[in-house]
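Atoms within a ligand are numbered from 1 in the order they appear, just like the ligands themselves.
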Amino acid sequence: MRGLAEGGGAYGAAKVYVADDLQLEAPLSQPRVDVLAQLVRDHDVDTVLFANSVLAADVAAGLAARLDAGLNWDLIDLVQQDGKLVGKRPALQDTVYVDVGWTSEPRLALFRSGSFDPSESGGSAEVEDVPVSLEQFSTTARMVDQAHEESSGPSIEDAEIIVAGGRGLGGPENFTLVEELAKALGGAVGATRAVVDAGWYPYSTQVGQTGKTVSPKLYIACGISGAIQHKVGMQGSGVIVAVNKDPNAPIFEFSDLGVVGDVHEIVPKLTELVRARKDS
Ligand SMILES: Cc1cc2nc3c(=O)[nH]c(=O)nc-3n(C[C@H](O)[C@H](O)[C@H](O)COP(=O)(O)OP(=O)(O)OC[C@H]3O[C@@H](n4cnc5c(N)ncnc54)[C@H](O)[C@@H]3O)c2cc1C
C-alpha cells in the first residue's frame with residue numbers, strides 16, 4: 001500500500017493520502033464514502049475524479065449524495081475552458097461528444113476506463129496517513145462471501161482475436177461452437193447483451209455500449225444482428241467477419257467479410273479449417 005502511494009509521485013501526485021485500515025478491506029462503498037467525505041471537507045477539495053469500476057461508481061454516487069455535490073459520469077476527457085473545468089462525455093450511443101460542467105463545488109466525475117494513458121512526470125509524493133472513523137450506518141453492511149470467476153485464455157480486453165456469439169446461436173449449449181473456434185485461433189469469447197441477459201454467457205464477456213469496448217485485430221461475430229449498441233463496442237476492430245443467416249442483417253453493413261449462412265454449419269467448418277491449417 002505504502003509503496004503504491006509513494007509511486008504516485010512519479011505520475012504527478014504531490015501528496016497521497018493513505019487510509020490503510022481493516023475496516024476498508026471489503027469492497028463496500030459506504031466506509032469509503034466516509035473517508036473521502038472527511039478528506040474533502042478537511043482539505044477543502046474542489047474536484048474528485050474516479051476511474052470507473054462497479055465499486056468506484058457506487059462510491060462516487062454515495063459521495064455525491066453525502067456532499068450534495070454534482071457528479072458527471074462516463075467522461076473521457078477534462079479540459080480548462082475560460083477558466084472553468086469542462087468534461088467531455090460521449091452521448092447518443094457514442095456518436096457525439098457533449099460538454100458537461102458543474103454548477104457547484106466539489107465537482108465529482110467518473111471517467112470511462114482506459115480514457116488516459118499513465119504519463120510519467122518524475123518526482124516524489126508526500127504520503128500522509130488519514131485516520132479512519134466510520135459512521136455507524138456505514139458499518140451495517142457486511143461482506144459475507146467473495147468469489148472469483150474462473151477463466152482461462154486471454155480476457156476480451158487483451159485478446160487480439162475475439163469470436164463473439166449472439167442469439168443466433170440458438171441456445172447456451174451452442175456457445176461451444178464459438179469457444180472451439182476461439183480456442184483454435186488462440187482468441188477470447190465475446191457475447192451480445194441479448195445472450196448475457198438471457199443467462200447464456202457471463203456478463204464479463206458482453207461487448208457493447210453497456211459492456212466492454214474492444215479493438216482486437218480480428219472480430220468474428222456469429223449469429224449477431226449488429227445492433228448499434230453492440231457496434232459501438234467493437235467497431236474499432238481491425239477486421240470484422242460476420243456469420244449470419246439473414247443477408248439483410250445490419251452487421252454486414254460494417255463487416256469486412258460476411259458469410260450468409262447458418263452458424264451451426266459455418267462455424268464448425270471454420271474451426272476445422274483453422275485446426276487443419278495449424279497442423280499443416
Ligand atoms: C440501452 C441499451 C444498451 C444496450 N447495450 C448493449 C451492449 O452493450 N451490447 C449488446 O450486444 N447489445 C446491447 N443492447 C442490446 C441491443 O440493442 C441488441 O438487442 C442486441 O445486441 C442483440 O443481440 P443479438 O445480436 O445477439 O440478437 P438479435 O438481435 O436477436 O440477432 C440475432 C441474429 O442472429 C441471426 N441468426 C439467427 N439464427 C441464426 C443461425 N442459425 N445462423 C446464423 N445467424 C442466425 C439473426 O438473423 C439475427 O441477425 C443494448 C440495448 C439498449 C437499449
Side-chain angles (χ1 to χ4, degrees), residues 52-54 57 61 72-76 89-98 110-115 149 155-159 161-182 185 187-216 218-237 240-274:
N52 195 21
S53 70
V54 174
N72 276 306
W73 72 100
D74 203 27
L75 302 190
I76 47 117
R89 180 177 184 278
L92 298 175
Q93 280 101 41
D94 288 359
T95 53
V96 294
Y97 292 113
V98 293
L110 258 176
F111 282 82
R112 205 179 262 201
S113 45
S115 296
E149 196 180 10
S155 73
I156 59 169
E157 289 103 323
D158 302 328
I161 298 175
I162 293 177
V163 185
R167 203 148 40 186
L169 287 171
E173 64 285 0
N174 295 329
F175 254 89
T176 49
L177 296 179
V178 287
E179 284 169 346
E180 289 294 308
L181 180 55
L185 289 164
V189 175
T192 64
R193 176 161 158 182
V195 300
V196 303
D197 277 352
W200 293 7
Y201 224 63
Y203 272 102
S204 56
T205 59
Q206 183 190 322
V207 173
Q209 185 192 337
T210 42
K212 289 179 176 143
T213 302
V214 296
S215 45
L218 173 64
Y219 190 92
I220 307 182
C222 308
I224 292 178
S225 59
I228 177 75
Q229 295 89 355
H230 187 77
K231 182 183 173 192
V232 295
M234 45 68 82
Q235 62 192 350
S237 308
I240 298 173
V241 179
V243 184
N244 196 304
K245 69 175 186 186
D246 174 6
N248 297 315
I251 190 103
F252 289 130
E253 288 164 23
F254 53 93
S255 301
D256 300 288
L257 288 164
V259 182
V260 179
D262 192 323
V263 282
H264 304 98
E265 259 176 57
I266 310 292
V267 179
K269 277 192 190 146
L270 212 48
T271 308
E272 245 172 64
L273 284 171
V274 173

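- Ligand 1 places these atoms under 4.0 Å from at least one heavy atom of Ala227: 16 (C), 17 (O), 18 (C), 21 (O).
- Near Gln206, meaning under 4.0 Å from any of its heavy atoms, are these atoms of ligand 1: 6 (C), 7 (C), 8 (O), 9 (N).
- In the vicinity of Ala194, heavy-atom distances shorter than 4.0 Å reach the ligand 1 atoms 22 (C), 23 (O), 26 (O).
- Annotation: side chain of Val260 is in contact with side chain of Phe252 (closest heavy-atom distance under 4.5 Å).
- Under the 4.5 Å side-chain criterion, counting only non-hydrogen atoms from C-beta, Arg112 is in contact with Asp74.
- Counting heavy atoms under 4.0 Å from ligand 1, residue Val207 touches it through the backbone alone.
- Of all the listed residues (Ser225, Pro247, Gly166), Ser225 holds the heavy atom that lies closest to atom 25 (O) of ligand 1.
- Ligand-side atoms of ligand 1 in range of Asp246: 47 (O), range being under 4.0 angstrom from any heavy atom.
- Using a 4.0 angstrom heavy-atom cutoff, Gly261 counts as in contact with ligand 1.
- Atoms of ligand 1 lying under 4.0 Å from at least one heavy atom of His264, given by number and element, are 41 (N).
- Those atoms of ligand 1 that come under 4.0 Å of a heavy atom in Asp262, given as number and element, are 40 (C), 41 (N), 42 (N).
- Taking a cut-off of under 4.0 Å to the non-hydrogen atoms of Gly223, the atoms of ligand 1 that pass are 32 (C), 33 (C), 34 (O), 44 (N).
- Ile240 has its side chain within reach of Met234: a pair of non-hydrogen atoms, C-beta onward, lies under 4.5 Å apart.
- Atoms of ligand 1 lying under 4.0 Å from at least one heavy atom of Gly208, given by number and element, are 7 (C), 8 (O), 9 (N).
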